[in-house]
Amino acid sequence: MSIDLNQFHAVFFEESQEHIDTMEQLLMALDLEEPDPEDLNSIFRAAHSIKGGSGIFGFTALGKITHVMENLLDQLRNGERHPDTALVDHFLTVLDCLRRILDQYRGGEDIDWDEVEEQVKALEAILNDGKSTPRTSATASSSAEPDANADNDAFGFFDAPEEEPAETADSSGSGDSENWGLFEPEPQAEPSGAEAPDTEAAFGFFEDPASATEPQPAKTASAASAAARPDRSKAKAATPESATIRVGVDKVDSLINLVGELVITQSMLKVLGEDPDNLDTLKMSTVLAELERNTREIQESVMSIRMIPVSFVFNRFPRVVRDLASKMEKQVELVLEGTQTELDKGLIEKLVDPLTHLVRNSIDHGIESPERRREAGKPEKGTIILGASQRGGSIIISISDDGAGLNRGRIMAKARENGLPVSDDMPDAEVWDLIFQPGFSTAEQVTDVSGRGVGMDVVRRNIQQLGGRIEISSQASVGSTFTIQLPLTLAIVDGMGVAVGGQTFIIPLVSIIESMQPPRANLKRLAGSDLLHVREEYWPLLRLAEVMETQARSSDPAEAIVVLIETSKRRYGLVVDELVGQQQVVIKSLEQHYKRVPGAAGATIMGDGSVALILDVESLADIVRDPIVEEEIV
Amino acid sequence: MSDSQRSAESDESQVTRTDVREYLTFSLGEEHYAIDIMAVKEIRGYEAVTRIANAPDFIKGVINLRGDIVPIVDLRIKFNVGTASYDEFTIVIVIQIHDRMVGIVVDGVSDVISLSREERRPPPEFGVAFDSRFLVGLAKVQDHMVILVNIEALISSQELGLVDAVTQEAGNGDS
C-alpha cells in the first residue's frame, strides 16, 4: 500500500517544532538539584516523537541527532546521570541545531551534514563520558513507564507540566485530559481515562515504544477517542504559524452544541410562523429571546477561536533572557504573569518583535551588572516581570525590571545632541517619550544587543499600528516599566443605541456610566454651557444633536435623556432624545469606502438594514466645553 | 441599440482592432453622460441613507451595501444640474474603483454604448457642468451628445472630498 507521505510532512514539521519548543521550555525550567522525573519523561518523549516521525519520513538528520539525544535523556530520567548546567546548555544548542535542520527540511534545502555529524559526535562524547555502559535505544521506553502519561505530546502544548498532579500521571493511565496543558487540580477519575492508553498518536503521529526507528501507522482510533473527549478545562492551543490555527476540541464542541441549539430554535420559530393567525406572542418572545442568546453565544464562541493565550509569545522569552543574560554577564530572573490572558491571534503574532526588543532593552540597559547591583544594595539577580492582563476592552502587557531606571540626565543630553527641543523642567513622562524618537540611544556603548537606537521608534510604531499605545514609567535605581495597552480588537462591541433627531447612534457600552432623565433642579447653566449636577459632580453636557447637525426633539435637556460618559480625558454627559436599547453591533469601517468621520469611530448595520454611526466618545470629549475647568484656568 | 447593430460593431472591432470601449450612459437633468462600464458595480434604486454630520450637502450619506458602508453622492447637487428630488425612480449607480465603492445619484440610466476611438472626440472646453479635468471626451449617439466622464478622477478628486488626503496619496502611490 502506498501512501503519499507528503501530506503528513507539514503536520510533522509543525509537531516537531512544538516538540522542540516543549523541550526547550522544560529544559529551561528544569530544577537541576532535584529534577522532576515527569519533566524528564516529557523531554524524553518529545525527542522520541521527533525521532519516530523523522524515521518514517526519512528525515535522517533529525533522527540521528534525536536518537543520541534520546539515549542521553534516557540516562537522565533513569537517574543514571545527573543534569547540570553544562548539559542543559548543550541540549539547548542541540535544539537550535534541530530547529535549523527542521527549517532546512521544510524549505527543501540541503542538509548541513557536517553539523549533524558534529552534534552527534558531541552528544556521543557526553554519553560515553563517565558512563561505562552507554545504553542502547532498545531501552528507550521501558515498559515500566506507562506511555499513557504522554498527554503532553499529544497536542504538543503545555505550560509548566510540573504542576500536574503526580497521581494523574501515574495512576489513571491517561492523564490525557490535560492535553491542553491547563490542569484541573483535582485527580482525574473520569471513566474515559482508560480507553485511550496511547494518546501520543492523537494527531496521527507515531509512537513505537520498542524500536522507535521503525515506522508504525498512526493510531487513528486513539486519535479519534482523544478528539471525542471534551475537555472541561479551557482549551488554549494554536500554532505560531499564521496559516493554521489549532483549536481546542472543546471550543469546537461547544460551537457544535450551540449550532444544534440554533437549529432547534429555528424549527420552533418555523412552527410558530406557520400559523400566524393564532400567534402565541408569549411563546414567540420566549423563542426570540432564546435566539438572541444563541446568537450571542455563537458569536463569542467563534471569536474565542481566534483568541490564543499570550503564553505563545511569552514562552519564548525565558530562552531569550537566559542567553542574553549570560552573554551580558548579568543575572536575570524572568517572571511571567497572566500568561493565560487571551488575545487575538493576529495581534499576538505582531507583538513578538516589539516585546523581544523591550525585553532585550531591559536586560541590556535596565538590569545592572551584579557588582553594581550589590553596591546599590540590591540582590545580585535582577528581575524582569513580563505580565499580561485584561482591563475592560483592553489588554495590558507590561515589562518591568528592577534595574537602574531611565537616566533622565543622559536622555536630555542626548536629545540636545540630536537637536530635539527640550527644557529642564519637562515632566518625566515627556522625557521618557523622547526615547521613542528615531535614532535615539543612550547606551554608553553600542552592543550587538541593543544601543543602536533603531528600535524604540519602531517598537512604538508597531504598537500604534495595532491600535495600541505604549507608556513608560521609571524611577532612578528602582526600575522601569513599559506598559503596552492594546485593544481586544474584536469586531463586535456592546453598544447602547440612542436616537437623536430621528437618527440612531451607537455608544460603546464600556464608556457609559449611566443614563438618566435629568431632574430640572440639577441642571445648571454656567458661561453658556449646560452642567448637570449628579453623583456629587458637575458634568458638562454635550448635545449630540448639535454635534451631528440634526434637530433634537427638545432643546430642553430636562426633557431629554443624558448619557453619562467616561473617557480617558474627562467625563461628560451626552444629551440625546431617547435610548433605543442595548445591543451588540458589528463594527464596519467607514474609511474603506469613504473617509474618517469626525466623532464617529465607525459604523454598524442595524436590524432593519440601515446604517448607524458608532460614536467616538474620546474625540467627542475634545469638543466638550467645561466651564468649570475653563474657569480654573482663567 | 439593436442586437444586430451591436454584433456588427463587435465584428468590426475584431477586424479593425480599434480600441472599442463600452460605456454606461446616464442623464443628469438635460445632459447625457457616460462612464466606463468597467467601473460600474451595480445599479440600484435610491433608498434611505444615513446622514453624516459635517459633510457637504452633495454627500447624501451612507448606505449598507451587503455589509459595506458606501457613501452616496448626488452629482445633481454637486454640479448644480437638474433638481435633486428623490422618488422611486431615482437611480444610484454604484461605482467601484480599486477597492472603494461609491454610489452616485443620477436622474436616469439610459443605455450601454460601445464607442471606438474614432467616435470619441475631445471634450468641450466649456458648456458642461463638469470641470474639464473630469472629462475624457464627447461622443455623438443617435441624435444627442454624450459627455464621457473620467469617473476615477472624479471620485478621487479633492473636490468631491470622498477620500482622506492621506489615503488618496497612498492610493496614488499604489497606482
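Just so you know, these numbers come straight off a predicted model, no measurement behind them.
Neither the backbone nor the side chain of A:Thr504 comes within contact range of chain B, judged by heavy atoms closer than 4.5 Å. When heavy atoms are compared at a cutoff of 4.5 Å, B:Asn54 approaches chain A by way of both its backbone and its side chain.
Heavy atoms from other residues, nucleotides or ligands lying under 6.0 Å from CE of B:Met38 number 12 at most. The environment of A:Glu514 atom CD is dense: over 12 non-hydrogen atoms of other residues, nucleotides or ligands sit within 6.0 angstrom.
Chain A forms the most heavy-atom pairs under 4.5 Å with one residue out of B:Val102, B:Val49, B:Asp99, and that residue is B:Asp99.
With hydrogens and angles ignored, the 3.5 Å screen pairs no side-chain donor or acceptor of B:Asn64 with any backbone N or O of A:Ile605.
Distance check: A:His593 NE2 to B:Asp68 CG gives 3.5 Å after rounding to the nearest 0.5 Å. B:Arg51 CZ to A:Glu549 CD: the interatomic distance, rounded to the nearest 0.5 Å, is 6.0 Å.
Contact check for A:Tyr594 versus B:Ile59: side-chain heavy atoms found under the 4.5 Å cut-off.
Minimum heavy-atom separation, B:Ile63 to A:Val611: C-CG2, 3.4 Å. Taking both residues in full, the closest heavy atoms of B:Arg100 and A:Lys595 are given as NH2-N, 4.4 Å, listed atom of the first, atom of the second, then distance.
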